[in-house]
> 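Here it is, the structure, as structure tokens.
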Amino acid sequence: MKRLELDPDRAFPAEPGTRALARQIYAATADLPLVCMHGHVDVRILADDVPFADPASMLITPDHYVTRLIHSAGVPLEDLGIGPDAQRDPRQIWRTFCAHWHLFRGTPSRFWLTHELVDVFGVDLAPSAETADAIYDQIAARLAEPAFRPRALLDRFRIELLATTDSPIASLANHHRLHADGYAGRVIPTFRPDPLLYLDHDSWTTEVAELTRLTDIDTGSYKGFLAALAKRREDFIAAGALATDHGHRTADTTPLPDSEAERIYAARLAGTISAAEADAFAAHMLFEMARMSIEDGLVLQLHPGVLRDHHRGVRARYGTDRGFDIPVPVDFVRGLRPLLEAFGREPRLRMIVFTVDETTYSRELAPLAGVYPALKLGAPWWFLDSPEGMMRFRQAVTETAGFYNTTGFVDDTRAFASIPARHDLARRIDAAYLARLVAEGHLDLDEAIQTAVDLAYHIPRAAYARR
């Protein structure tokens, strides 16, 4: 049977001299703690700290990178444990995954999954239809051990800081439980208010009612709505939050006159509004979120430009986050101009922008980050957190924005066990890029090593530190 191995030089340059430099640079970062400032791990996993149920529910079903690619080969989502008629036998789900292992050749998921299987679980058999049961049994046995409970893995993975992404109406009870157990400042929430800022969101009415209940502030007026949002931000800060997170449709930040914002808000309370009014209000509220960030110190993270739930029937049957979110072009130059003209040189604002429209890196985002003090570039994200995508990012932005106007890697995952694999790959790509700069005489080796350490640890720590 084919063996599964981790190449110690994976993702390093093929040229021997440059590869040797990459090894030296990577060695300085390999064992650094992980700073995970943008992720989607369910905080209940850590708060409850119960053993993971089985290999499939830990590694396959929650990871839409995995499920979307297998589904693209015609496999029903039900066979991967998703949907009302989902396969309930985790062993059978695992068999489906292993039978389709070949689909991951050349993808970042192959890097991550191989790292997880070998380094985390000690698997040395390549997944296949023939090996599926043996691998399943090995991982299931490991998951029953105390060393594989969520909090134990938090330590084993050297995760120094883990930020979750939380609904604006989250009770934060699980974060409070973790704080009481000694994890204050280590596992923290992030404020994600999208369902409240888009007035045409499906759940807006129920969410704004819950916002009223949680804050005890009347949201029957636009002024009350703003006050309730500010109160929720205070609640998140009290629970340790360092940032907000905004997945807007566009990068538009055009503010509205207060009278127009009040009119649109009142129209929504009275019934319905147009799509144009909803988009205008969302753009206005992103401007308002920047203003609030100046007041309360939360870092503003923005990642626009994704058409969510491209197949509406899939969303209706299976819910959101099923791999059907597709990138669309974004105009950052014009979209961010109102916000940056107002606040871009304000020392109290820190704004981090992510994109999946990589054509904007060299044309728009690097020039913007290279001049506006408040703006930093987030790591390659989602479809771009791949070996080639991360290398293209460095090549596109470094000459204009440098290394220190970026903010370090984010793992952006629900798959807890994949976090160290994702960070390891990012550190290898940075080592490879820096090694080339050394080989070509752009940097001294000691500068490259220090830069790699900064990118892996010091820069993300500084970018999100409270001010």
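Reckoned from all heavy atoms, side chains included, excluding hydrogens, waters and symmetry mates.
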> Return yes if some donor-acceptor pair links the side-chain N/O of Glu346 with the main-chain N/O of Arg348 below 3.5 Å, else return no.
yes

> Could you tell me the separation between the CD atom of Glu288 and the CG atom of Leu256, rounded to the nearest 0.5 Å?
9.5 Å

> Please enumerate all residues that pass side-chain contact (heavy atoms from CB on, under 4.5 Å) together with Thr205, with sequence neighbours excluded.
Arg268

> Tell me, yes or no, whether the heavy-atom count around Glu341 atom CD, taken from other residues, nucleotides or ligands under 6.0 Å, exceeds 12.
yes

> Specify whether Tyr222 and Phe281 have parallel, tilted or perpendicular ring planes, treating 30° as the upper limit for parallel and 60° as the lower limit for perpendicular.
perpendicular

> Does Asp235 come within less than 4.0 Å of Lys231, counting only side-chain N to carboxylate O?
yes

> Do you know which two heavy atoms are closest between Asp424 and His115, and how far apart they sit?
OD2-CD2, 4.0 Å

> Report the C-alpha distance between Glu358 and Arg392 in whole Å, list the side-chain angles of each, state the deciding distance to 0.1 Å, and finish with yes or no for salt bridge (charged side-chain N to carboxylate O under 4.0 Å, His left out).
CA-CA 9 Å; Glu358 66 179 338; Arg392 288 194 299 269; 3.1 Å; yes

> What heavy-atom pair brings Met289 and Arg233 nearest, and what distance separates the two atoms?
SD-NH1, 3.4 Å

> Is it the case that atom CZ in Arg44 sees more than 12 heavy atoms from other parts of the structure closer than 6.0 Å?
no

> Spell out, as yes or no, whether a donor-acceptor pair under 3.5 Å connects the side chain of Thr215 to the backbone of Leu229.
no

> Do Arg91 and Asp89 sit within salt-bridge range, that is, some charged N less than 4.0 Å from a carboxylate O?
no

> The criterion is salt bridge (charged side-chain N to carboxylate O under 4.0 Å, His left out); which residues satisfy it with Glu295, sequence neighbours excluded?
Arg291

> Taking Asp309 for its side chain and Arg312 for its backbone only, find out whether a donor-acceptor pair lies under 3.5 Å.
no

> Check whether more than 12 heavy atoms from other residues, nucleotides or ligands sit under 6.0 Å from atom CZ of Arg308, and answer yes or no.
yes

> Of the non-hydrogen atoms in Ala56 and Pro62, which two are nearest, and what is the gap between them?
O-CD, 4.0 Å

> Could you tell me whether Arg149 and Asp48 have a side-chain N and a carboxylate O separated by less than 4.0 Å?
no

> Using a cut-off of 6.0 Å, state whether more than 12 heavy atoms not belonging to Arg156 lie near its atom CZ.
yes

> Ile169 and Glu207: which non-hydrogen atoms are nearest, and at how many Å?
CG2-O, 3.5 Å

> At their closest point, which heavy atom of Ile139 faces which heavy atom of Leu117, and how far apart are they?
CD1-CD2, 3.7 Å

> State whether a side-chain donor-acceptor pair under 3.5 Å links Asp325 with His310.
no

> Establish, from distance only, whether the side-chain atoms of Gln395 and Tyr433 form a donor-acceptor pair under 3.5 Å.
no

> Take Thr250 and His248 through the test side chain to side chain donor-acceptor pair (under 3.5 Å) and record every step on the way to the result.
CA-CA 5 Å; Thr250 73; His248 281 223; over 6 Å; no

> To the nearest 0.5 Å, what is the distance between CG on Leu300 and CG on Leu375?
10.0 Å

> Is it true that a side-chain atom of Arg427 and a backbone atom of Leu32 form a donor plus acceptor pair closer than 3.5 Å?
yes

> Side chains of His40 and Asp411: any donor to acceptor distance under 3.5 Å?
no

> Tell me, please, which residues at least two apart from Arg110 pass salt bridge (charged side-chain N to carboxylate O under 4.0 Å, His left out).
none

> Backbone N or O of Val314 within a donor-acceptor pair of the His311 side chain at under 3.5 Å?
yes

> For Tyr65 together with Trp112, are the ring centres under 6.0 Å from each other?
yes

> Determine yes or no for a side-chain-to-main-chain donor-acceptor pair under 3.5 angstrom, with Thr29 supplying the side chain and Ala456 the backbone.
no

> Determine whether Asp357 and Thr355 satisfy the following criterion, side chain to side chain donor-acceptor pair (under 3.5 Å), listing intermediate values before the conclusion.
CA-CA 5 Å; Asp357 180 6; Thr355 188; 5.3 Å; no

> Passes side chain to side chain donor-acceptor pair (under 3.5 Å), Asp54 versus Ser57? Steps please.
CA-CA 6 Å; Asp54 58 78; Ser57 64; 3.2 Å; yes

> With ring centroids as reference points, do Phe52 and Phe148 lie under 6.0 angstrom apart?
no

> Not counting sequence neighbours, list each pair that qualifies as a salt bridge (charged side-chain N to carboxylate O under 4.0 Å, His left out) and has a residue in residues 378-387.
Asp385-Arg422

> Decide whether His201 and Asp194 meet the rule of one side-chain donor and one side-chain acceptor closer than 3.5 Å.
no

> Are a donor atom and an acceptor atom from the side chains of Thr165 and Thr190 found within less than 3.5 Å of each other?
no

> Would you please name every residue forming a salt bridge (charged side-chain N to carboxylate O under 4.0 Å, His left out) with Arg322, sequence neighbours left out?
none

> Just so I know, are the side chains of Val306 and Arg249 near enough to count as touching, which here means a heavy-atom distance under 4.5 Å?
no

> Taking Leu298's backbone N and O only, do any of them form a donor-acceptor pair with Ser293's side chain (distance below 3.5 Å, no angle check)?
yes

> For residues His175 and Thr164, is any side-chain donor paired with an opposing acceptor at under 3.5 Å?
yes

> Using a 4.5 Å cut-off on heavy atoms from C-beta on, say whether the side chain of Ile70 contacts that of Phe97.
yes

> Supply the atom-to-atom distance Arg414 CZ to Thr61 OG1, rounded to the nearest 0.5 angstrom.
13.5 Å

> Is the closest side-chain heavy-atom distance between Val299 and Leu242 below 4.5 Å?
no

> Would you say Asp216 has more than 12 foreign heavy atoms packed within less than 6.0 Å of its CG?
no

> Can you establish whether the number of heavy atoms outside Arg142 located under 6.0 Å from its atom CZ is more than 12?
yes

> Does Trp204 reach the main-chain N or O of Leu196 with its side chain, forming a donor-acceptor pair under 3.5 Å?
yes

> Please enumerate all residues that pass salt bridge (charged side-chain N to carboxylate O under 4.0 Å, His left out) together with Asp31, with sequence neighbours excluded.
none

> Distance only, no hydrogens: is a donor on one side chain within 3.5 Å (strictly under) of an acceptor on the other, for Glu277 and Tyr265?
no

> Is there a side chain to side chain donor-acceptor pair (under 3.5 Å) between Tyr136 and Gln92? Walk through the geometry before answering.
CA-CA 10 Å; Tyr136 183 95; Gln92 189 57 46; over 6 Å; no

> Considering non-hydrogen atoms only, spot the tightest contact between Ala379 and Thr407 and give its length.
N-OG1, 4.4 Å

> If we count only N and O atoms by modelled type, under 3.5 Å, do the side chains of Thr254 and Asp252 hold a donor and an acceptor together?
yes

> Does any non-hydrogen side-chain atom of Phe324 lie less than 4.5 Å from one of Tyr318?
no

> If the threshold is 4.0 Å, N to carboxylate O, is there a salt bridge linking Glu78 and Arg317?
yes

> Can you confirm whether Tyr464 sits close enough to Leu161 that some side-chain heavy atom of one is under 4.5 Å from a side-chain heavy atom of the other?
no

> Closer than 3.5 angstrom, by distance alone: can the side chain of Arg315 be matched with the main-chain N or O of Thr320 as a donor-acceptor pair?
no

> Is it true that a side-chain atom of Glu364 and a backbone atom of Phe332 form a donor plus acceptor pair closer than 3.5 Å?
yes

